[in-house]
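Scroll down for the structure; my scribbles are underneath it.
Remember, it's 1-based here, ligands and their atoms both numbered in the order they're listed. All residue numbers refer to positions in the sequence shown, counting from 1.
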Amino acid sequence: MHQPVISGTGVFTPTEVITNDELVVAFNAYADRFNAENQAAISAGDLPEMAYSSSDFIFAASGIERRHVMNKSGILDPDRMYPALRQRRDEEPGIMAEMALDACQKALEEAGKTAADVDAVIVAASNMERAYPAVAIEVQDLLGISGFGFDMNVACSSATFGIQTACDMVRSGSAKAILVVNPEICSGHLEWRDRDCHFIFGDVCTATLIERKEAASGAHFEVISSKCLTQFSNNIRNNNGFLRRSRPDGVKDRRDMQFMQNGRKVFKEVLPIVAKHILGHLEEAGHGPDELKRLWLHQANKAMNDFIGKKVLGRRPEAGEQPNILQDYANTSSAGSIIAFSQYSDDMQDGDMGLICSFGAGYSVGSVLLKRVK
Ligand code: COA
């Protein structure tokens, strides 16, 4: 058995940014058009008038201030309201593969490794650009990795479930070093015309290098243990995850193919599951919450994270103990906790322990307990 470690992480951040104010201007322009076009039905009481969105609500309800996206102009065009992503030819790298390449190169650089040191790629994300061939195999090809790759999807928990899978493979010896990559083009399956959720998501890609401890050349994080849990729920659901390529014929037809959630229920139901999961994981590993120097939580909602931090630590987390990045990135599905880990782990000292925890559709919860070495 080999001891798996995380020796490098990388984040690809799209350059285009949408602030809450910009988003709300576009949404309200769309609402005006919708109400004008449907004036007769609204006056007859057959259709409710579309209400305005507001930046104040978005910040108060979620803590989100802005989001990075792969295409801003399409999303903010009130005649379109979804990203204008160029359809790639079969001969060109796909969008997810391109994002993944950048994140993987950064993770390899941080670990002081090259593609020659890696023998597997796992692309773990909420929505794949295509069904097959696996995006992971394309990433493997672009990086020039000998070995194998496969895709997996556990929605917002894809990264932690991917890390557990990679760690198990490193432990058993079926692979020596694995890149777990999370390209999330959430803007492609978000309904930007739905006031209840149009502010929730952003795009990003994260990558994590998992390898044998003896191969790690610099500071790294030992994976003490990981724990996964799923419990079926329809409260967060997507009935068809492919990216939208052309203008839909009708909103209602397409709505079933996009992200849908019963946010209030999610909020109430997921919180106790997550808090119990983390405390159970720590107990099984023989550690207490007071030993944790840091919690890197899934980034969906600030109030949710505040609640989980307080439940796990038994007190309000101190500044820096539970860093949030959602104010700058919004919810980036599986990538959120890995962005937090990547941005807020350099200052950890030899022997410090921390825990990554993701949660979301499924429901699913994944936690990874880490110890800093050097
Ligand atoms: N602008 C202004 N007002 C809005 C609005 C918007 N964009 N969207 C909703 N509102 C209004 C609602 O109409 C409602 O008004 P009412 O009380 O008069 O009916 C009020 O704000 C509260 O709406 P509600 O949906 O209950 O807000 P909330 O405080 O529950 O926050 C979420 C909504 C989605 C941010 C929150 O429920 C959440 O984060 N849930 C968990 C999400 C999650 O983790 N999902 C996983 C995704 S992978």
Open item on the list: Looking at Asp79 and Arg33, is any side-chain nitrogen of the basic one under 4.0 Å from a carboxylate oxygen of the acidic one?
Closed with: yes
Task: Cys205 vs Val11 side-chain heavy atoms within contact, under 4.5 Å - done: no
Task: Protein residue, atom and distance nearest to atom 39 (O) of ligand 1, heavy-atom basis - done: Asn301 ND2, 2.7 Å
Open item on the list: If you scan the protein for heavy atoms around atom 19 (O) of ligand 1, do you find one that is closer than 4.0 Å?
Closed with: no
Task: Shortest reach to atom 6 (C) of ligand 1 by a heavy atom, considering only Tyr363, Phe27, Phe57, Tyr52 - done: Phe57
Task: Flag: protein heavy atom within less than 4.0 Å of atom 3 (N) of ligand 1 - done: yes
Task: Ring-ring centroid check Phe221 Phe341, cutoff 6.0 Å - done: yes
Task: Sub-3.5 Å N/O-N/O distance, Asn331 and ligand 1 - done: no
Task: N or O pair under 3.5 Å between Ser62 and ligand 1 - done: no
Task: Electrostatic pair Asp347-Arg372, nearest N-O below 4.0 angstrom - done: no
Open item on the list: Could you check whether any heavy atom of Cys156 sits closer than 4.0 Å to an atom of ligand 1, since that is the contact criterion I want to use?
Closed with: yes
Open item on the list: Need the ligand 1 atom indices (1-based, order shown) with element for anything under 4.0 Å from a heavy-atom of Ile236.
Closed with: 46 (C)
Open item on the list: Using heavy-atom distances only, which candidate in Gln261, Arg195, Arg264 approaches atom 43 (C) of ligand 1 most closely?
Closed with: Gln261
- [ ] For the residue pair Gln261 and Asn235, confirm or rule out a side-chain donor-acceptor distance under 3.5 Å.
- [x] no
Task: For atom 31 (O) of ligand 1, closest protein heavy-atom neighbour - done: Ala61 CB, 3.8 Å
TODO: Report yes or no: does a heavy atom of Gly360 sit under 4.0 Å from some atom of ligand 1?
DONE: no
Open item on the list: Checking contacts now, so for atom 25 (O) of ligand 1, which I'm interested in, is there any protein heavy atom under 4.0 Å?
Closed with: no
Open item on the list: Please confirm whether the ring centroid of Phe359 lies under 6.0 Å from the ring centroid of His277.
Closed with: no
- [ ] Please name the pair of heavy atoms, one in Tyr344 and one in Trp296, separated by the smallest distance, quoted to 0.1 Å.
- [x] O-NE1, 2.9 Å
TODO: Taking only Lys NZ, Arg NE, NH1 and NH2, and the carboxylate oxygens of Asp or Glu, determine whether Glu321 and Arg294 approach each other closer than 4.0 Å.
DONE: no
TODO: Look only at interatomic distance and state if Phe199 has a nitrogen or oxygen under 3.5 Å from any nitrogen or oxygen of ligand 1.
DONE: no
Open item on the list: Among all the protein's heavy atoms, is there at least one whose distance to atom 16 (P) of ligand 1 comes out below 4.0 Å?
Closed with: no
Open item on the list: Under 4.0 Å between a side-chain nitrogen and a carboxylate oxygen: does that hold for Glu22 and Arg66?
Closed with: no
- [ ] Might you confirm whether atom CD of Gln343 has over 12 heavy atoms from other residues, nucleotides or ligands at distances under 6.0 Å?
- [x] yes
Open item on the list: If I apply the N/O under 3.5 Å rule, does His298 come out as touching ligand 1?
Closed with: no
Task: Sub-4.0 Å atoms of ligand 1 with respect to non-hydrogen atoms of Met304 - done: 41 (C), 44 (O)
Open item on the list: Taking Glu92 first and then Arg86, would you say they form a salt bridge - that is, a charged N and a carboxylate O separated by under 4.0 Å?
Closed with: yes
TODO: Using a distance threshold of 4.0 Å (strictly less than), state whether atom 48 (S) of ligand 1 has a protein heavy-atom neighbour.
DONE: yes
Task: Ile95 and Ile185, any side-chain heavy atoms less than 4.5 Å apart - done: yes
- [ ] Do me a favour and list the nearest non-hydrogen protein atom to atom 41 (C) of ligand 1 with residue, atom name and distance?
- [x] Gly263 O, 3.5 Å
Task: Contacting atoms of ligand 1, where contact means under 4.0 angstrom from a heavy atom of Ser54 - done: 1 (N), 2 (C)
Task: Cation-pi geometry met for Arg130 and Tyr132 (6.0 Å, 45°) - done: no
TODO: Could you tell me whether atom 9 (C) of ligand 1 has a protein heavy atom closer than 4.0 Å?
DONE: yes
Task: For Ala300, atoms of ligand 1 separated by under 4.0 Å from a heavy atom - done: 44 (O)
